[in-house]
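Note sheet for the following structure.
Within every chain, numbering begins at 1; the chains are lettered A, B, ... in the order of the sequence lines, protein sequences first and strands thereafter.
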There are 2 protein chains.
Amino acid sequence: MSSKSPLYRKVAGDLRTAIAAGEYGSGARLPAEDELARRYGVSRGTVRQALAALRADGLVTSRRGARRVVLGGAARLQSFAELRSFSRWARSLGEEPGGRTVAVDPARATEEEAHHLQVAEGARVFRVRRVRTLSGAPVMVERTTYPERIGELVAALPVDAVSHSEQLELHGVLFTDAHHTIDVLPADPDDAELLGCPPGRALLRERRRSTDPAGTPVEWSEDRYLPGTVAFTVHNSTATSALGRRLGED
Amino acid sequence: MSSKSPLYRKVAGDLRTAIAAGEYGSGARLPAEDELARRYGVSRGTVRQALAALRADGLVTSRRGARRVVLGGAARLQSFAELRSFSRWARSLGEEPGGRTVAVDPARATEEEAHHLQVAEGARVFRVRRVRTLSGAPVMVERTTYPERIGELVAALPVDAVSHSEQLELHGVLFTDAHHTIDVLPADPDDAELLGCPPGRALLRERRRSTDPAGTPVEWSEDRYLPGTVAFTVHNSTATSALGRRLGED
DNA sequence: AGCTCCAAGTTGTACGGACAACTGTTGTAC
DNA sequence: GTACAACAGTTGTCCGTACAACTTGGAGCT
């Protein structure tokens with residue numbers, strides 16, 4: 001096993017599995033930071049770093065003066081990677097993800113695309129449309145716009161490649177931050193045909209802008225899901241915020 | 001002004017306003033941690049704590065070896081309070097929130113309610129149904145179940161109280177963590193009448209379970225929004241995760 | 001029993017130092 | 001010029017200490 005993973009991650013992982021295994025049931029109090037530090041042979045700061053991760057995931061509460069308490073409810077997941085990649089998410093649930101590329105078009109960036117990808121209006125981009133399936137049944141239409149450099153890599157992939165993002169990672173393209181907007185909109189005729197539903201049917205829409213570690217946009221995507229197939233979940237707290245609500249349109 | 005706010009918050013706030021004011025435009029590099037520490041007269045650890053908050057809000061990237069970069073895109077907000085309270089959110093956007101309580105019913109907890117509120121099945125709870133408006137127009141139906149202790153406080157509020165949560169805070173009821181699930185469902189006849197839309201119309205649904213600092217559930221709510229009135233936004237990154245995707249139903 | 005008050009336990013904030021890992025730039029060699 | 005190597009700059013990880021702020025439970029009193 002590689003020892004390249006930092007200490008606090010190991011501690012966090014340990015605590016996660018301990019909680020998942022029921023060692024600390026819902027409502028139970030975790031050991032004190034000092035106790036954990038002794039037990040793992042690390043400093044209190046390192047333990048706090050681990051616990052901060054659990055807190056951000058909504059696994060435990062924490063407040064001054066009292067021990068941490070395990071929050072009941074949904075078992076959390078390694079949410080980022082699974083949110084970003086449809087394939088990874090599906091596999092982690094034991095579902096069989098599939099994908100069929102419908103179109104790959106070189107194009108000139110519209111104003112909206114230029115804005116989100118931070119390129120000049122009219123710059124070369126690639127538009128990719130795909131149908132995503134779970135166990136063979138179509139559940140989502142994905143329309144992604146890539147900047148030129150990345151789009152060229154995507155265009156070279158086989159039509160039936162299951163996971164584009166995993167392929168891109170192999171080529172050194174990293175996704176580290178993403179901003180999502182979730183709302184509802186009616187299926188247009190294209191959506192309807194690809195998903196096999198009547199046009200006008202309400203779909204759950206997720207728009208996503210992903211950036212790499214340097215802050216450079218690497219994709220701008222609009223995913224439309226058939227209702228009933230997925231739900232989005234978020235945890236937030238006064239300590240770690242992330243989610244917002246917005247008026248329609250932008 | 002109270003000096004009770006911790007140092008790192010002041011630093012974070014300062015940086016937030018500096019970014020909002022355009023001092024560091026989209027893509028600009030922030031000063032190094034050491035530089036900021038000198039500038040504010042605090043230790044590097046304190047600066048890092050402030051920057052971690054900005055990172056969690058999706059304002060800046062960060063990676064080893066390079067300076068932090070300001071992420072372009074949506075100006076972030078203090079999201080937790082605004083997500084938890086419809087009234088606060090609306091006011092922060094300059095809209096006029098309204099609310100009309102349709103029903104307050106003492107009841108016995110169903111299995112689902114008992115589960116989410118962590119009380120015994122059949123325990124006393126209060127079900128509250130309200131219509132929420134923006135500038136007079138109805139946009140959302142809210143069905144909240146409270147445990148007995150809190151429900152009694154809510155039942156005592158006037159029917160036209162705008163913000164229940166702010167009233168509850170005055171009574172010492174604190175909300176610090178919330179878990180949200182977002183999906184789509186068709187309006188039932190009640191929704192349709194309250195919102196003034198045809199039955200069957202697709203609504204954006206947000207289910208929410210909120211807990212207090214001790215981890216005790218304080219509300220279980222299901223909010224149904226007219227399409228086009230709101231969108232939910234999330235930022236996540238490899239460092240700070242929060243959002244997930246789920247299969248339909250639960 | 002119920003109440004107040006105190007002490008121990010626990011987390012939050014802040015400081016300091018040290019080294020590891022990585023990036024971007026500069027300069028050198030070919 | 002181009003490729004490689006060295007270097008300074010920067011963030012990530014980890015340690016240790018100290019004190020402040022808060023919660024909890026128990027002792028003692030009424």
How many Å lie between [atom1] on [X] and [atom2] on [N], as a whole number?
X	N	atom1	atom2	result
B/Leu30	D/dT10	CG	P	12 Å
A/Arg44	C/dG9	CZ	C1'	12 Å
A/Asp34	D/dC15	CG	P	13 Å
B/Leu174	D/dC22	CG	P	13 Å
B/Lys10	C/dA14	NZ	C1'	15 Å
B/Glu33	C/dG17	CD	P	16 Å
B/Leu7	C/dG16	CG	P	12 Å
A/Gln49	C/dA14	CD	P	17 Å

Does [N] have OP1 or OP2 under 4.0 Å away from a side-chain N or O of [X]?
X	N	value
A/Arg63	C/dT11	no
B/Tyr8	C/dA14	no
A/Arg67	D/dT23	no
A/Thr46	D/dT13	no

Name the closest nucleotide to the [X] side chain, picking from [options].
X	options	result
A/Arg64	C/dT13, D/dC14, D/dT11	C/dT13
B/Pro6	C/dT13, D/dC14, D/dG12	C/dT13
A/Ser43	D/dT23, D/dT11, D/dC14	D/dC14

Inset, instruction - Could you check if a side-chain atom of B/Thr216 sits within less than 4.5 angstrom of a side-chain atom of A/Val69, using non-hydrogen atoms only? - result: no
Inset, instruction - Name the orientation class of the two ring planes belonging to A/His179 and B/His235 (parallel below 30°, tilted from 30 to 60°, perpendicular beyond 60°). - result: tilted
Legend entry - Nucleotide opposite C/dC30 in a Watson-Crick or G-U pair, distances under 3.5 Å: D/dG1
Inset, instruction - Say whether, by atom type as modelled, one donor and one acceptor occur between the side chain of A/Glu113 and the main chain of A/Thr110 under 3.5 angstrom. - result: yes
Legend entry - Under 3.5 Å: donor-acceptor pair, side chain of A/Asp57, backbone of A/Leu59: no
Inset, instruction - Give B/Arg68 one of three labels, base, sugar-phosphate or nothing, depending on what nucleic acid heavy atoms sit under 4.0 Å from its own. - result: sugar-phosphate
Legend entry - Member of B/Arg68, B/Arg67, B/Arg38 meeting the side-chain hydrogen bond (donor to acceptor under 3.5 Å, both in side chains) criterion with B/Glu33: B/Arg68
Legend entry - First of B/Ala32 and A/Arg29 reached from the 5' end of DNA chain D, by closest nucleotide: B/Ala32
Inset, instruction - Return the 5'-most residue of the pair B/Pro31, A/Val42 with respect to DNA chain D, ranking by each residue's nearest nucleotide. - result: B/Pro31
